[in-house]
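Note that the coordinates shown come from a computational prediction; the quantities given were computed from them, not determined experimentally. Naming: A, B, ... by sequence-line order, numbering from 1 per chain.
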Protein chains: 2
Amino acid sequence: MSGNESCIVRHFKHYGPLSESDTKLLQALEKEPISGTSGQTLWEEGDKAGEICTIKSGWAYSYRNIDDGTRQVLDVFLPGDIVGLREFAFKERMSGIKLLTDSVICRFPHNHLIDIFRDSTKLTTIFFSISARQQTLLTERLVNLGRRNAFEKTAHLVYELYMRLKRTNPELGNSFELPLSQQIIADALGLSAVHVSRTFSELREENMICRERNHVTLLDIERLESVIGFSKAYLQEQDYLSYVS
Amino acid sequence: MSGNESCIVRHFKHYGPLSESDTKLLQALEKEPISGTSGQTLWEEGDKAGEICTIKSGWAYSYRNIDDGTRQVLDVFLPGDIVGLREFAFKERMSGIKLLTDSVICRFPHNHLIDIFRDSTKLTTIFFSISARQQTLLTERLVNLGRRNAFEKTAHLVYELYMRLKRTNPELGNSFELPLSQQIIADALGLSAVHVSRTFSELREENMICRERNHVTLLDIERLESVIGFSKAYLQEQDYLSYVS
DNA sequence: CGCATACTTGAGCCGAATCAATTGGCGTGG
DNA sequence: CCACGCCAATTGATTCGGCTCAAGTATGCG
């Protein structure tokens with residue numbers, strides 16, 4: 001039980017130490033892992049919503065289809081992330097989810113979440129923090145879509161993913177696998193795929209980001225941070241667990 | 001105690017009936033109301049974050065200043081809304097808040113929220129639902145900024161506010177006070193103020209929305225809904241409280 | 001080897017930005 | 001009651017970032 005720590009437990013420990021019983025409660029959420037393959041749809045907009053998922057391994061994204069045939073990518077999910085928290089308050093899915101790589105995921109029903117609210121103040125606090133953090137990421141993307149040009153948008157997306165990967169994997173170097181096609185990046189940034197291609201060329205010419213296939217290298221992190229107006233407040237996470245326990 | 005129901009209690013009862021003790025717990029959050037005047041800053045980006053606020057009356061908005069001198073409006077808050085949930089997980093404010101009208105607000109510290117997590121599963125569930133709902137509104141705005149043109153963006157913003165007002169005030173007709181300048185609307189939609197002006201002219205010519213001063217009238221709600229691809233899923237909120245109690 | 005999918009590159013166009021001048025409403029003070 | 005000034009909104013002229021359409025190049029897979 002000890003050595004083989006589940007992904008969600010690792011994710012939660014980011015917020016502070018967990019007691020034996022909390023760990024057990026959490027691990028109950030990750031039984032019955034399901035394997036999925038790249039491109040697979042987990043659910044679609046309008047499906048009944050009654051459970052959330054953890055991503056044990058792999059990448060996924062959520063999206064909304066627009067009437068005119070285009071779509072907006074809302075979120076990119078990485079290993080350890082929780083998917084579907086948004087719909088806790090709703091009966092239907094507000095967005096679809098597709099896998100970007102072969103993945104392993106665990107589903108658990110909203111009712112279990114409420115059981116946790118009843119049984120563990122500490123886990124409740126962490127779940128609430130995670131929901132708050134997701135909101136913060138969304139507002140950051142709002143800034144990205146509203147007030148930045150294509151160059152800054154693209155730099156920001158790559159940098160956000162880099163920071164999120166580094167958060168759970170501190171020894172990450174300055175390059176990583178990015179299983180997003182230019183079309184998906186375009187749909188996330190409100191651009192056309194053609195222009196995303198041009199923008200990556202520019203980022204390459206400026207010696208800031210090099211993307212080849214599904215692999216990106218950050219060539220000049222300092223300049224990246226200055227272009228996107230990076231603020232370290234991102235990292236200043238709160239620690240309430242001392243108060244809780 | 002009965003007749004004079006506080007705003008947050010009314011907001012929470014939207015999710016289901018509350019017990020005597022839950023109501024008391026909630027009301028404890030709304031003691032010491034503070035009056036503020038239009039234009040006042042509640043807090044700025046980078047300020048220490050340690051409390052959330054309820055808006056008893058009045059309107060407010062949150063924003064991020066961008067390096068190039070522009071800014072992005074992230075949220076518009078209406079009476080009964082909860083402000084600052086986003087920063088629960090962080091030590092600093094990620095965005096500033098300003099009042100749009102003279103308002104009455106109540107502050108309460110994050111620690112009290114955790115007390116509620118410990119003492120009431122029902123209120124915890126509601127708080128979690130509210131956080132989830134805020135996330136959903138943010139993703140809807142992401143679609144707005146990413147994949148709609150100025151005409152649709154503007155129609156959507158007005159319509160979103162209309163629906164949110166109507167949610168807590170069902171007998172609302174087809175017009176209401178909108179205390180947002182065209183500059184603020186521009187900052188919310190990622191447009192220039194000049195273009196917002198032109199867009200409202202267009203909406204007027206199309207007999208869809210009429211805005212004069214701070215008053216808007218929805219002239220053709222059906223056509224509005226079709227332009228922005230309105231989906232009723234917005235309204236299909238979940239009811240977990242039966243499970244909780 | 002051939003096909004499908006992803007990406008690149010060019011030409012022309014369009015929606016929204018910017019700059020600049022003007023109008024209108026409203027509060028203040030004479 | 002009018003003159004002044006401030007701010008919000010309108011209108012026009014011009015520019016520009018990113019889109020669309022279209023053709024061509026990799027790359028990977030059966």
Side-chain angles (χ1 to χ4, degrees), chain A residues 37-39 59 61 66 68-73 98-102 144-158 177-206 209-216 227, chain B residues 37-39 61 66 68-73 98 100-102 144-158 177-206 209-216 227:
Chain A
T37 59
S38 177
W59 288 44
Y61 70 102
I66 319 293
D68 63 6
T70 65
R71 65 180 185 167
Q72 177 65 42
V73 167
K98 283 187 198 293
L99 300 182
L100 286 160
T101 65
D102 294 349
N144 212 30
L145 292 196
R147 288 298 185 205
R148 292 204 258 252
N149 63 26
F151 190 83
E152 296 160 344
K153 282 181 181 183
T154 308
H156 181 274
L157 174 68
V158 172
E177 292 303 308
L178 181 73
L180 304 174
S181 70
Q182 292 188 350
Q183 181 61 61
I184 290 179
I185 292 172
D187 289 340
L189 299 177
L191 298 171
S192 69
V194 172
H195 202 65
V196 167
S197 170
R198 290 189 232 269
T199 304
F200 271 114
S201 304
E202 239 183 295
L203 282 162
R204 176 72 257 259
E205 279 158 29
E206 291 285 333
I209 294 175
C210 174
R211 171 180 186 275
E212 30 199 8
R213 307 268 101 232
N214 285 341
H215 192 87
V216 289
V227 159
Chain B
T37 60
S38 177
Y61 70 101
I66 318 293
D68 62 8
T70 66
R71 65 180 185 167
Q72 176 66 41
V73 167
K98 283 187 199 294
L100 286 161
T101 66
D102 295 349
N144 212 30
L145 292 196
R147 287 298 185 206
R148 293 204 257 251
N149 63 26
F151 191 83
E152 297 160 343
K153 282 181 181 182
T154 308
H156 181 275
L157 174 68
V158 172
E177 292 303 308
L178 182 72
L180 303 174
S181 70
Q182 291 187 353
Q183 181 61 61
I184 289 179
I185 293 172
D187 289 339
L189 298 178
L191 299 171
S192 70
V194 171
H195 202 65
V196 168
S197 170
R198 290 190 231 270
T199 304
F200 271 114
S201 305
E202 238 184 295
L203 283 161
R204 176 71 257 259
E205 279 158 29
E206 292 284 335
I209 294 175
C210 175
R211 170 182 186 276
E212 29 200 8
R213 307 263 106 231
N214 284 341
H215 192 87
V216 289
V227 160

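Comparing A/R213 and A/L191 against DNA chain D, the residue whose closest nucleotide sits nearer the 5' end is A/L191. In this structure, A/S197 and A/R147 both approach DNA chain C, and ranking their closest nucleotides by distance from the 5' end singles out A/S197. Between A/F151 and B/S181, the residue anchored closer to the 5' end of DNA chain D is B/S181, taking for each the nucleotide with the nearest heavy atom.
The structure places CG of A/N149 at 11.0 Å from CG of A/L189, a figure rounded to the nearest 0.5 Å.
The interatomic distance linking B/L145 (CG) with C/dA16 (C1') rounds to 14 Å, in whole Å. For A/L178 and C/dA6, the CG to P distance is 15 Å, given to the nearest whole Å. Between A/I185 atom CD1 and C/dA6 atom P there is a gap of 12 Å when expressed in whole angstrom units. In this entry the distance linking CD1 of A/I184 with P of C/dT5 reads 14 Å, nearest Å. When rounded to the nearest whole Å, the span between CG of B/N214 and P of C/dG24 equals 19 Å. Between A/H195 atom NE2 and C/dC7 atom P there is a gap of 16 Å when expressed in whole angstrom units. For A/H215 and C/dC7, the NE2 to C1' distance is 18 Å, given to the nearest whole Å.
By the 4.5 Å heavy-atom criterion applied to side chains, B/E206 and B/F151 are counted as neighbours. Looking at A/D102 and A/S38, their side chains come closer than 4.5 Å, going by heavy atoms from C-beta outward. Contact of the A/L180 side chain with the A/L100 side chain is registered, since non-hydrogen atoms from C-beta on lie closer than 4.5 Å. Using a 4.5 Å cut-off on side-chain heavy atoms (C-beta onward), A/Q183 and A/D187 make contact.
A/G146 and B/Q72 make their closest contact through CA-OE1, 3.3 Å (heavy atoms, listed as atom of the first residue, atom of the second, distance).
Once you apply a 4.0 Å limit to the heavy atoms of chain A, the touched nucleotides of DNA chain D run 5' to 3' over D/dG18 to D/dG28.
The phosphate of C/dA17 (OP1 or OP2) has no side-chain N or O of B/R198 nearer than 4.0 angstrom.
Distances were taken from every side-chain heavy atom of B/V194 (C-beta onward) to each of C/dT8, C/dA20, C/dA17; the shortest belongs to C/dA20.
Checked against ring pair (Phe, Tyr, Trp, His ring centres under 6.0 Å), B/Y61 has the following partners two or more places apart in sequence or in another chain: B/Y63.
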